[in-house]
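Only this structure's heavy atoms are used, side chains among them; waters, hydrogens and symmetry mates stay out.
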Amino acid sequence: MKVVAKVAKKKETEVYITTDFIRLDAALKLSGVAGTGGQAKAMILEEDIKVNGELCTSRGKKLRDSDSFEFQRVIYKIVKK
């Protein structure tokens with residue numbers, strides 16, 4: 001018997017900002033991924049977040065237009081309005 005695994009497609013959503021950049025912890029709150037700054041900090045320190053495809057442990061990481069972060073197979077793209 002042959003087992004074939006299918007990888008689910010990653011979902012993408014946009015996070016709109018009006019400033020030049022947003023800190024990662026603030027982006028997590030703005031997008032609804034984290035309810036509080038404390039939750040955002042814990043998620044980042046637990047290495048649950050990827051920024052532009054790489055693990056990020058810096059909550060002060062600045063995200064700019066066209067940057068993205070990923071949590072639980074959902075990609076959040078930063079878009080400056």
Side-chain angles (χ1 to χ4, degrees):
M1 182 166 138
K2 186 176 183 179
V3 177
V4 177
K6 291 186 178 180
V7 178
K9 280 182 86 172
K10 293 182 181 181
K11 181 181 170 187
E12 285 193 25
T13 190
E14 294 180 338
V15 178
Y16 297 100
I17 62 172
T18 57
T19 56
D20 289 334
F21 66 88
I22 186 169
R23 288 177 21 155
L24 177 58
D25 58 350
L28 290 171
K29 292 190 298 184
L30 179 64
S31 65
V33 171
T36 66
Q39 287 176 341
K41 179 181 177 180
M43 294 166 70
I44 295 165
L45 292 177
E46 290 172 6
E47 298 183 350
D48 289 338
I49 308 296
K50 287 183 179 180
V51 173
N52 297 326
E54 297 182 11
L55 282 177
C56 182
T57 57
S58 172
R59 67 189 245 203
K61 173 77 174 167
K62 292 179 181 177
L63 303 176
R64 300 178 191 282
D65 187 41
S66 79
D67 282 339
S68 65
F69 65 93
E70 180 181 342
F71 176 70
Q72 293 185 341
R73 302 198 54 77
V74 178
I75 297 172
Y76 298 84
K77 185 174 180 179
I78 304 299
V79 178
K80 183 177 177 184
K81 279 191 134 183

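- Taking both residues in full, the closest heavy atoms of Lys41 and Arg59 are given as CD-NH1, 3.0 Å, listed atom of the first, atom of the second, then distance.
- Tyr76 and Ile17 fall within a single hydrophobic cluster, where Ile, Leu, Val, Met, Phe, Trp and Tyr are joined by side-chain heavy atoms under 4.5 Å apart, directly or via other members.
- In the hydrophobic clustering of this structure, Phe71 groups with Ile44; members are Ile, Leu, Val, Met, Phe, Trp, Tyr whose side-chain heavy atoms approach within less than 4.5 Å, directly or through other members.
- With a 4.5 Å cut-off on side-chain heavy atoms, Thr57 and Glu47 count as touching.
- Taken to the nearest 0.5 Å, the CZ atom of Arg23 stands 13.0 Å off from the NZ atom of Lys61.
- Rounded to the nearest 0.5 Å, atoms CD (Glu70) and CD (Glu54) are 12.5 Å apart.
- Pairing each heavy atom of Lys62 with each of Asp67, the nearest pair is O-OD2, 4.0 Å.
- Two residues are said to be in side-chain contact when any heavy atoms from C-beta on lie closer than 4.5 Å; Ile22 and Val15 fail this criterion.
- Counting heavy atoms from C-beta outward, Cys56 and Leu24 have side chains that approach closer than 4.5 Å.
- At a threshold of 4.0 Å, the pair Lys80-Asp65 does not count as salt-bridged, since none of the basic side-chain nitrogens sits closer than that to a carboxylate oxygen.
- Asn52 is listed as a side-chain neighbour of Ser68, based on a closest heavy-atom distance under 4.5 Å.
- Taken together through direct or relayed side-chain contacts under 4.5 Å among Ile, Leu, Val, Met, Phe, Trp and Tyr, Met43 and Leu63 form part of one hydrophobic cluster.
- Criterion: ILVMFWY side-chain heavy atoms under 4.5 Å apart, direct or through other members. Under it, Val74 and Phe69 are part of a common hydrophobic cluster.
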